[in-house]
Protein chains: 2
Amino acid sequence: MTDEKKPRRRPRSDGQRNRENLLNVAKAAFTAGEVDIPLDEIARRAGVGIGTLYRHFPNRDALIEAVYRAELDRLADAAPVLAAQHPPVEALRAWMRLFVDYIAAKLVIAPALNGLAGGTGALYAQSGTVLQGAIDGLVAAAVASGDISTDIEPVDLLRALAGVSNYAAGPGWETSAKRLVDILIAGSRTSAS
Amino acid sequence: MTDEKKPRRRPRSDGQRNRENLLNVAKAAFTAGEVDIPLDEIARRAGVGIGTLYRHFPNRDALIEAVYRAELDRLADAAPVLAAQHPPVEALRAWMRLFVDYIAAKLVIAPALNGLAGGTGALYAQSGTVLQGAIDGLVAAAVASGDISTDIEPVDLLRALAGVSNYAAGPGWETSAKRLVDILIAGSRTSAS
DNA sequence: TTATATTCGGAGGTATGCTCCGTTTAACAA
DNA sequence: TTGTTAAACGGAGCATACCTCCGAATATAA
């Protein structure tokens, strides 16, 4: 349990630079829909050898996961900001819409993500925690203000949203997703109690 | 250009039998979580050569799609049955829950499905139509009976459901999905109008 | 400047997706 | 029943992608 780390040396600057390069190239490729791009190609575009890629990310899934997690963190960070700017229910709504936007515009890695056959459990468990922390705060605030029923499980909303992002095919899906957000908010209100 | 088909002969019986064998074996494998099973192995289990598999399904995606579509049809067929057995809103709710059950118990091919990198659009468009037909009927009935707001797009509900199925990780996800169905129904009601 | 831990990078082993084509077999006609 | 033929069978083999391994290069600390 003692997680002693002996950073005898500072991490090498080129190492970190290469790592970020790889991450950026991978994100760009996935966003462009090149989900099945060979790892060799990613390494080439990033200007590094294949060996370097594999040291940073032991396998394909690890790379996808890293890209995914980085974007996820940014989304999670937006929650407190929105909470400070809007009343509870609207903050929740805004964040859910942001979720949709994010997936739509910048992150089409959803298919790639689901391609993580097998190990999804662990990944979702980990990263789900991050997002859950974000939405938990928003929901808690909305419950406290009396706008939302107390028996709503934040994770339910998260799942619906995640689903929509996967279904991101066909024209007009984005407005459809926005509508869905409204339905979810309406369904969570205390009105009918 | 005239694509006249002259079915001079009936399709061979062994051909169809082999095709169904392959489909069953593939479904079983996917359901068992063996998403990455080599196609050679599927052919072996079905008792046919690899060449036979590839004639029926030109590539891996085609096989997955075939399995997917077959199951989808069965789900769609359940809609009219439920509509005949329950009042509109309850029929809708029941069908949505069935959707969840189906994915949960018998169809863990969701990850495989999403692995159809690239061509998802076409597939979803096609098969989405089938499901949409099913839910359209249910929603129309509920709208007609005045239970549900008229501005609900059935496809929205579909998307949320599809999403949940992808998020099928972690314990208790199933009850969570059921809760979500209730939220969606509640959010679609006319009460607040 | 010297020492050394860390990173780099690509050749190559392994395995999987898919093709090709000679052989086998079921359907049809006489 | 028997011959003809179009269609299905099946596996050897090629292309390619993932990943490992290890000598060379290099940034950091003394």
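Quick note on labels: first sequence line is chain A, next is B, and so on, each numbered from 1. On a predicted model such as this, the values are computed, not experimentally measured, just so you know.
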*Asks:* Quick check on dC9(D): is either OP1 or OP2 less than 4.0 Å from any side-chain nitrogen or oxygen of N18(B)?
*Replies:* yes
*Asks:* Could you identify which residues of residues 42-50 of chain A place a heavy atom less than 4.0 Å from some atom of DNA chain D, listed by residue number, or say none?
*Replies:* none
*Asks:* Round to a whole Å and report the spacing from CG of L39(A) to P of dC18(D).
*Replies:* 5 Å
*Asks:* Would you say a side-chain N or O of R55(A) is under 4.0 Å from OP1 or OP2 of dC8(C)?
*Replies:* yes
*Asks:* With respect to the side chain of S13(A), which nucleotide from dG17(C), dC19(D), dA27(D) is positioned closest?
*Replies:* dA27(D)
*Asks:* Choose from dC19(D), dC8(C), dT16(C) the nucleotide whose nearest atom is closest to any side-chain atom of P38(B).
*Replies:* dT16(C)
*Asks:* Mark yes or no for whether T52(B), through its side chain, and V48(B), through its backbone, hold a donor-acceptor pair below 3.5 Å.
*Replies:* no
*Asks:* Starting at atom OH of Y54(A), determine the distance to atom P of dG10(C), rounded to an integer number of angstrom.
*Replies:* 15 Å
*Asks:* So do L39(A) and Y54(A) actually touch side chain to side chain, heavy atoms under 4.5 Å?
*Replies:* yes
*Asks:* Tell me the interatomic distance from I64(A), atom CD1, to dC18(D), atom P, rounded to whole angstroms.
*Replies:* 10 Å
*Asks:* So, is R12(A) near the phosphate of dT6(C), with a side-chain N or O under 4.0 Å from OP1 or OP2?
*Replies:* no
*Asks:* Contact class for G51(B) (heavy atom, under 4.0 Å): base, sugar-phosphate, or nothing?
*Replies:* base
*Asks:* Figure out the CG/P separation between D40(A) and dC18(D), and round it to whole Å.
*Replies:* 6 Å
*Asks:* Could you give the CZ-to-C1' distance, from R17(A) to dC8(C), as a whole number of Å?
*Replies:* 13 Å
*Asks:* Below the 4.0 Å mark, does dG9(C) have OP1 or OP2 next to a side-chain nitrogen or oxygen of T52(A)?
*Replies:* yes
*Asks:* Starting at NZ of K27(B), measure out to CD1 of I42(B) and round the result to the nearest 0.5 Å.
*Replies:* 13.5 Å
*Asks:* Of the options dG17(C), dC19(D), dC9(D), whose atoms approach the side-chain atoms of D14(B) most closely?
*Replies:* dC9(D)
*Asks:* Take atom CD of Q16(B) and atom P of dA8(D), then tell me their distance rounded to the nearest Å.
*Replies:* 10 Å
*Asks:* Identify each donor-acceptor pair in which a side-chain atom of residues 88-96 of chain A lies under 3.5 Å from a protein atom, sequence neighbours left out, and give them as a table.
*Replies:*
residue: E90(A); atom: OE1; partner: R93(A); partner atom: NE; Å: 3.2
residue: R93(A); atom: NH1; partner: D182(A); partner atom: OD1; Å: 2.6
residue: W95(A); atom: NE1; partner: L75(A); partner atom: O; Å: 3.3

*Asks:* Can you check the E41(A) CD to dC18(D) P distance for me, whole Å?
*Replies:* 11 Å
*Asks:* With rounding to the nearest 0.5 Å, note down the distance linking CG in L23(B) to CG in N18(B).
*Replies:* 12.0 Å
*Asks:* Without decimals, in angstroms, what is the distance between D36(B) CG and dC19(D) C1'?
*Replies:* 15 Å
*Asks:* Between R45(A) and E34(A), is the closest basic N to carboxylate O distance under 4.0 Å?
*Replies:* yes
*Asks:* Nearest 0.5 Å, what's the CZ-CZ distance between R12(B) and R19(B)?
*Replies:* 16.0 Å
*Asks:* Please check the phosphate of dA8(D) (OP1 and OP2 only) for any side-chain N or O of H56(B) closer than 4.0 Å.
*Replies:* no
